[in-house]
Engineer: 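Here it is, the structure in full.
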Amino acid sequence: MSLTIDAYAGLRSYLGLPVDPAPQVDRFAEVRPRFDLIERLGIDLTYLRLRGVPFEAPRPSTPGNYVDEWGLEQGRIELPGGSHLTEVVRSPFADRSVQDIDLEHYPWPDPDDPRRVAGLEEEARGLFDDTELALMGRFGGPILETAFGLRGYQQWMMDLVDEPEFAVALLNRVADIMIRLDAAGIRAAGRYLSILRVSGEDLGMQVRPLYSPSIWRDIIRPVLSRRWRAAKVLLREVAPHAKILLHSDGSFRSFIPDLIEDGIEVLDPMQVHLPDMDAAALKRDFGSALTFHGAIDAQDILPFRNATAVARETERCIAALAPGGGLILGPAHNVQPDVPPENLMAMVETLHRAGRYAVRA
Amino acid sequence: LTRAATHQVSHLLKVVRELSMDLNALTSSIEIGDRVTAAALARDALDEGRPADQVLDAMMAAMNNVGGRFQRGEIYVPEMLIAARAMKEATAIVEPTLAGAGIRPVATAVIGTVKGDLHDIGKNLVGMLWRGANIEVVDLGTNVTPELFAAAAREHGALAVGVSALLTTTMVGMRDVVVAVRDAGLDKTAVVVGGAPVTAEFASEIGADGYAPDAGAAADWIRHLVAGQLAD
């Protein structure tokens, strides 16, 4: 479970825990919770990340924005309640014909900078030895989101039809870097991992996949699966038991058999209220091959229903997804400030009551 | 009928068939997103003396089909975007002739992403389909305040206001847009809401006039609204 800063502070206060004096907040306003909260909630999983490295950032077009190491200008958007999100507001390859884009000489981030893994092994070993927490590696970032950040979302979507060779070249460029970032993290700390998260590649919209079957098959899947297979090969050497997790929002059932074939073993965040994403049906069809991570609806139930409804939904998801193993339950999105602490605790308490393995059908 | 007259009628029928075939080709070139062919066929149709409103109808038919196919999951975001681009380029060809003939968009609509939210793809897709339905679209962009929605609706005499949100935290601000439009006394302006977390239940709870689960549905909604207005 990931909490954004205001939800985190609100939950601490609700539980009577002291104010976290120095929360570490990332670009999605997510906080790494202190151990008192992890223990109180009975969280089983925490994560490891690569370190940021200094780079020469170009000046943003608008004060207050910043340019990240891929050259994407990020705008900051304040959310009600005090937290914030960042969104790409300027893309370096936008408004250019593909002939004018020089992928060869673009100043790409250097994935092999040793500072990215400084202290990572020690951090992993410490968590592994001193806590009961399972560790998830989050090393390389998203391929699709980075590619469309570089090109601009709509232009990228049109490239998939108009300029498929460029689209593939751009994806492969980005993938090469993500593969090396994954490798750096696995080399440093892979042996401590239970899960490797091969980042978030959103494949679905609210009601159906974002991409046609042919674009998925011919352009996107080959690049993504290359990364997943590369990670699996490295991981097998140091942590044969560790599973590969993919995050994808939305409804994309028709792609799931391909994901399984390409080595995905855990699927997050499971928006089980969307069309074609019914929990029981996915468990029936893919439960022997997949573990499900997430599942508790964050678009309606967690923010807008009461604690009783949250408890009922948690029971429902456990009954549908847990029998025989294969459920890591949590909110289906990082928790936003509109989720009442009562609701989160209803989820947590129901989980501890009804979600103890072995759950039987 | 004399032999000559029969011949003449059959010749005319052939010409009509060819012309309408040309317009069918224009429709399908837009549907498949072939912008070069779409612009050329629009130009040819005008050069051959086809009335501009017929050419426009053929183009609108394309975007109507595109919206329907998107709704049914037969095409996806990339295909819809290239179709909309072809529509835009063909529209640029016929616009001067349309204006010269006094043919105006059937209505104006204001569209934007709600305050606090920077996501725009869904809103943009709706705008493209609305333009494709011969609606003049005033796009206010992202992070739009309720006051700006209302002011723009008043300034442009908008038939509709389209409001988009991706986040649960910003979606609740849609209620303020409905209130601002009502407070501005814009009784004839309908508000439609959409975006990932938005539901029909939420739309009705905040008093919105419409809810669109996707861009194709938003296009259907505004077509019905226009038809209702014309019937009044």
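In the text below, chain A, chain B and the rest are named by the order of the sequence lines, each starting its count at 1.
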Engineer: Indicate the atoms forming the closest heavy-atom contact of A/V310 with A/N343, along with that distance.
Structural biologist: CG1-O, 3.3 Å
Engineer: A quick test of your reading: do over 12 heavy atoms of other residues, nucleotides or ligands sit less than 6.0 Å from CZ of A/R221?
Structural biologist: yes
Engineer: Counting only heavy atoms not in B/R85 (residues, nucleotides, ligands), do more than 12 fall under 6.0 Å from its CZ?
Structural biologist: yes
Engineer: Against chain B, work out which of A/L160, A/V89, A/V207, A/L210 has the most heavy-atom pairs shorter than 4.5 Å and name it.
Structural biologist: A/L210
Engineer: Among A/D249, A/D162, A/D300, A/D159, who wins on heavy-atom pairs under 4.5 Å with chain B?
Structural biologist: A/D162
Engineer: Under 4.5 Å heavy-atom distance to chain A, tell me which part of B/E74 shows up: side chain, backbone, both or neither.
Structural biologist: neither
Engineer: So A/W216 and A/F255, would you call those rings parallel, tilted or perpendicular, with 30° and 60° as cut-offs?
Structural biologist: parallel
Engineer: Please check if the distance between the ring centroids of A/Y211 and B/Y76 is under 6.0 Å.
Structural biologist: no
Engineer: I'd like to know whether A/R305 forms a salt bridge (charged side-chain N to carboxylate O under 4.0 Å, His left out) with B/E201, so could you lay out the CA-CA distance, the side-chain angles of the two residues, the decisive distance to 0.1 Å, and finally the verdict.
Structural biologist: CA-CA 13 Å; A/R305 307 288 153 171; B/E201 186 191 357; 3.4 Å; yes
Engineer: A/Q299 versus chain B, heavy atoms under 4.5 Å apart: side chain, backbone, both or neither?
Structural biologist: both
Engineer: Does B/D47, at its CG atom, have more than 12 non-hydrogen atoms belonging to other residues, nucleotides or ligands within less than 6.0 Å?
Structural biologist: yes
Engineer: State whether A/E87 and A/R76 are salt-bridged, where the test is any N-O pair (Lys NZ or Arg NE/NH1/NH2 against Asp/Glu carboxylate O) under 4.0 Å.
Structural biologist: no
Engineer: Counting only heavy atoms closer than 4.5 Å, note whether A/L85 contacts chain B via side chain, backbone, both or neither.
Structural biologist: side chain
Engineer: Please state whether the side chain, the backbone, both or neither of B/D117 comes within less than 4.5 Å of a heavy atom of chain A.
Structural biologist: backbone
Engineer: Report the option among B/T199, B/I82, B/D214, B/D120 that has the most heavy-atom pairs separated by less than 4.5 Å from atoms of chain A.
Structural biologist: B/I82
Engineer: Determine the option with the most heavy-atom pairs under 4.5 angstrom with chain A, choosing from B/N124, B/N143, B/L125, B/I75.
Structural biologist: B/N124
Engineer: Looking only at heavy atoms and a cut-off of under 4.5 Å, which of A/G75, A/P303, A/P209 has the most pairs with chain B?
Structural biologist: A/P209
Engineer: Against chain A, label B/L167 side chain, backbone, both or neither, depending on which of its atoms sit under 4.5 Å from a heavy atom there.
Structural biologist: side chain
Engineer: Side chain, backbone, both or neither: which part of B/M80 has an atom under 4.5 Å from a heavy atom of chain A?
Structural biologist: neither
